[in-house]
Q: 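Input: one structure, supplied below.
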Amino acid sequence: MDANDTSYMDFLRVYFKGTADTIDALKATAPKGNTPEELKKNAAEIEEKIKAVVNKEECVRDYQAFQKLPDGIKARFNGTKVPEDIMEAARRDEVLTLIEMDTHPEIKRAEDARAAVRKKYGLPGNTDFPTDIHSEAALAVFAVAMVAGYSEYSGQRLAQQRQHREGLLEEKAAILTDPKLSEADKKAKLKDWLENKWLKSREDTINTIKDDWRGNPAKHRKAQQPEKYLVHLLAKLDHGKISDTQRKDLMQQIADYAQMIETDGRQDKLLEYLKKRNIQTKIGHFSNETRDVLANLVLHNVPESEKERYLARDWRKEHGLKETMSADHKAQAAAQATTITKLNALPQSKTLKTEESQINKPTRLRLNHGYERQK
């Protein structure tokens with residue numbers, strides 16, 4: 001931070017008056033010395049003292065939080081301290097909470113704003129919902145999970161895991177910028193961070209998704225989206241590098257889940273899922289043998305005249321994939337399709353200014369709920 005930054009100094013005079021007074025006194029101190037060298041040395045010492053006071057961790061942290069407040073809230077408390085509960089919401093990046101308070105001045109407490117946000121976006125307001133989920137990205141993950149058909153339990157877990165990884169990224173940044181660590185120490189700590197924290201969290205998320213698809217016996221919960229887990233099993237079967245025993249086990253699981261879908265009356269859900277573009281892409285890469293399993297074991301109740309639409313043959317033809325094409329050629333075609341997709345995507349964030357990046361990067365929460373951030 002800079003002692004000549006009027007915005008920061010105005011903030012300090014309200015929130016850390018003693019710190020501001022110390023900085024003003026140091027700035028008014030004339031260097032002492034009998035020679036030009038002594039004067040220069042003393043001036044440098046004063047400057048170092050100013051820098052140390054200006055960059056106090058608590059002051060910088062709260063100023064960064066203050067900067068996250070919408071202009072309407074800042075204006076409401078102009079010249080006086082913003083209440084601690086609102087500042088805490090800013091420290092925790094509760095963007096939606098702050099926007100709610102900005103657009104509805106009658107809401108005075110952050111707690112009431114959180115309740116309004118949960119109600120607006122269909123987030124549970126009961127006491128079972130974890131109160132530690134507060135970041136916009138984590139709340140968006142929960143909302144998207146609900147729209148996608150995940151159980152409330154799984155949605156909460158996915159949101160917590162996402163928020164946990166946000167903290168892990170801050171931990172990584174702290175390691176990289178720690179002046180006390182040598183390059184060798186940083187490398188060792190980053191290796192531990194990756195292997196024992198980041199990848200573990202990613203694995204937890206994968207397991208949460210799979211548990212929701214297939215049901216978790218330990219939780220006595222019925223499968224929420226068995227059609228998704230069924231396609232996952234077909235993909236494992238198609239992998240090829242499995243033993244005869246594993247293949248037999250997979251075939252049994254596929255049969256069990258196909259039967260579960262039938263028994264639970266989810267055949268329409270299965271067919272709807274199979275028609276999704278990304279699933280057609282996946283099926284398009286299946287071998288003939290795997291698609292035979294899909295056609296004869298999973299879709300055995302579907303009329304022959306309708307089965308073809310679920311077997312991605314049109315997708316294969318469109319992307320130049322022959323029935324006998326090797327795995328390498330399939331991968332090459334997939335890479336080409338991915339490149340085309342990227343070319344039609346939004347521009348690279350690094351080529352955009354901050355404001356443009358925000359405009360071109362709507363969150364999944366906004367896409368699913370029609371939310372537009374107020375300015």
Side-chain angles (χ1 to χ4, degrees), residues 1-95 97-99 101-102 108-110 113 132 134-136 163 166-190 193 353-355 357-358:
M1 304 304 298
D2 188 347
N4 295 316
D5 183 337
T6 55
S7 174
Y8 182 52
M9 290 303 299
D10 287 345
F11 168 82
L12 290 180
R13 289 188 179 97
V14 174
Y15 290 85
F16 299 93
K17 188 176 185 305
T19 300
D21 289 344
T22 299
I23 294 171
D24 288 337
L26 286 169
K27 288 171 69 176
T29 301
K32 296 179 181 179
N34 297 321
T35 65
E37 289 76 13
E38 289 178 350
L39 287 170
K40 184 176 180 181
K41 181 180 178 181
N42 188 242
E45 290 172 351
I46 294 172
E47 189 64 30
E48 285 302 313
K49 289 180 181 179
I50 292 174
K51 285 181 181 179
V53 177
V54 164
N55 288 292
K56 280 185 177 179
E57 184 177 351
E58 184 182 11
C59 299
V60 173
R61 180 202 65 184
D62 279 11
Y63 180 66
Q64 290 173 339
F66 180 78
Q67 291 295 83
K68 297 174 186 176
L69 296 172
D71 290 340
I73 293 180
K74 290 179 182 178
R76 200 180 310 168
F77 298 98
N78 187 32
T80 60
K81 288 186 177 182
V82 173
E84 178 58 24
D85 63 323
I86 302 177
M87 284 294 290
E88 182 60 22
R91 292 188 197 104
R92 292 170 20 165
D93 290 321
E94 294 186 51
V95 178
T97 299
L98 297 173
I99 291 174
M101 298 193 79
D102 184 33
K108 306 298 182 183
R109 302 187 308 161
D132 62 336
H134 51 73
S135 83
E136 180 186 20
Q163 186 166 275
E166 290 177 22
L168 289 180
L169 289 175
E170 292 178 2
E171 184 179 324
K172 178 184 179 182
I175 293 172
L176 290 170
T177 57
D178 190 342
K180 298 178 182 178
L181 295 176
S182 66
E183 289 303 314
D185 289 338
K186 288 181 181 180
K187 186 175 181 180
K189 282 184 173 292
L190 287 175
W193 173 87
K353 296 179 181 177
T354 302
E355 184 177 354
S357 178
Q358 292 302 319

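Heavy-atom basis, side chains included; hydrogens, waters and symmetry copies ignored.
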Q: Which pair of non-hydrogen atoms, one from Leu26 and one from Ile46, has the smallest distance, and what is that distance?
A: O-CG2, 3.5 Å
Q: Do other residues, nucleotides or ligands put more than 12 heavy atoms under 6.0 Å from Lys74 NZ?
A: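 Correct, the count exceeds 12.
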Q: Step by step, would you call Glu88 with Arg91 a salt bridge (Lys or Arg N to Asp or Glu O under 4.0 Å)?
A: CA-CA 5 Å; Glu88 182 60 22; Arg91 292 188 197 104; 2.7 Å; yes
Q: For the residue pair Phe11 and Phe16, does the interplanar ring angle fall in the parallel (under 30°), tilted (30 to 60°) or perpendicular (over 60°) class?
A: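 Rings of Phe11 and Phe16: tilted, as their planes differ by 30° to 60°.
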Q: Give a yes or no on whether the backbone of Leu181 and the side-chain of Lys189 come within a donor-acceptor separation of less than 3.5 Å.
A: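 Such a contact is absent between Lys189 side chain and Leu181 backbone.
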Q: To the nearest 0.5 angstrom, please state how far the NZ atom of Lys81 sits from the CD1 atom of Ile86.
A: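 One gets 14.0 Å once the value is rounded to the nearest 0.5 Å.
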Q: Determine, stepwise, if the pair Lys180 / Asp185 fulfils side chain to side chain contact (heavy atoms under 4.5 Å, CB included).
A: CA-CA 9 Å; Lys180 298 178 182 178; Asp185 289 338; over 6 Å; no
Q: How close do Ala65 and Ala90 get, counting heavy atoms only, and between which atoms?
A: O-CB, 3.4 Å
Q: Atom CD of residue position Glu84 - does it have more than 12 heavy atoms of other residues, nucleotides or ligands inside 6.0 Å?
A: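 Atom CD in Glu84 is packed in, count exceeds 12.
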Q: Closest approach of Lys17 and Arg13, non-hydrogen atoms and distance?
A: CB-O, 3.8 Å
Q: How many angstroms lie between atom CG of Leu168 and atom CD of Glu171, to the nearest 0.5 angstrom?
A: 6.0 Å
Q: With side chain to side chain contact (heavy atoms under 4.5 Å, CB included) as the criterion, how do Leu12 and Tyr63 come out once you've worked through the C-alpha distance, each side chain's angles and the decisive distance to 0.1 Å?
A: CA-CA 8 Å; Leu12 290 180; Tyr63 180 66; over 6 Å; no
Q: Donor-acceptor pair, Tyr15 side chain versus Val82 backbone, under 3.5 Å?
A: yes
Q: How close do Asp178 and Lys186 get, counting heavy atoms only, and between which atoms?
A: O-CE, 3.5 Å
Q: Looking at every non-hydrogen atom in both residues, tell me the closest pair between Ala30 and Asn42 and how far apart they are.
A: O-OD1, 4.2 Å
Q: In Å and rounded to the nearest 0.5 Å, what is the CG to CD distance from Leu176 to Glu183?
A: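 The distance works out to 9.0 Å.
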Q: Quick one: pull up NZ in Lys51 and CE in Met1 and give me the separation to the nearest 0.5 Å.
A: 14.0 Å
Q: To the nearest 0.5 Å, tell me how far Asp24 CG sits from Met9 CE.
A: 4.5 Å
Q: Start with the C-alpha gap between Leu69 and Arg76, add the side-chain angles, then the distance that decides, and say whether side chain to side chain contact (heavy atoms under 4.5 Å, CB included) holds.
A: CA-CA 11 Å; Leu69 296 172; Arg76 200 180 310 168; over 6 Å; no
Q: Look up atom NZ in Lys68 and atom CE in Met87, then write down how far apart they are to the nearest 0.5 Å.
A: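 If I round to the nearest 0.5 Å, the distance is 10.0 Å.
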Q: Is there a side-chain contact between Phe66 and Asp62 in this structure, where contact means two heavy atoms from C-beta onward sitting under 4.5 Å apart?
A: no
Q: Of all heavy-atom pairs between Leu190 and Lys172, which one has the smallest distance, and what is that distance?
A: CD2-CG, 3.8 Å
Q: A quick test of your reading: do over 12 heavy atoms of other residues, nucleotides or ligands sit less than 6.0 Å from NZ of Lys27?
A: yes
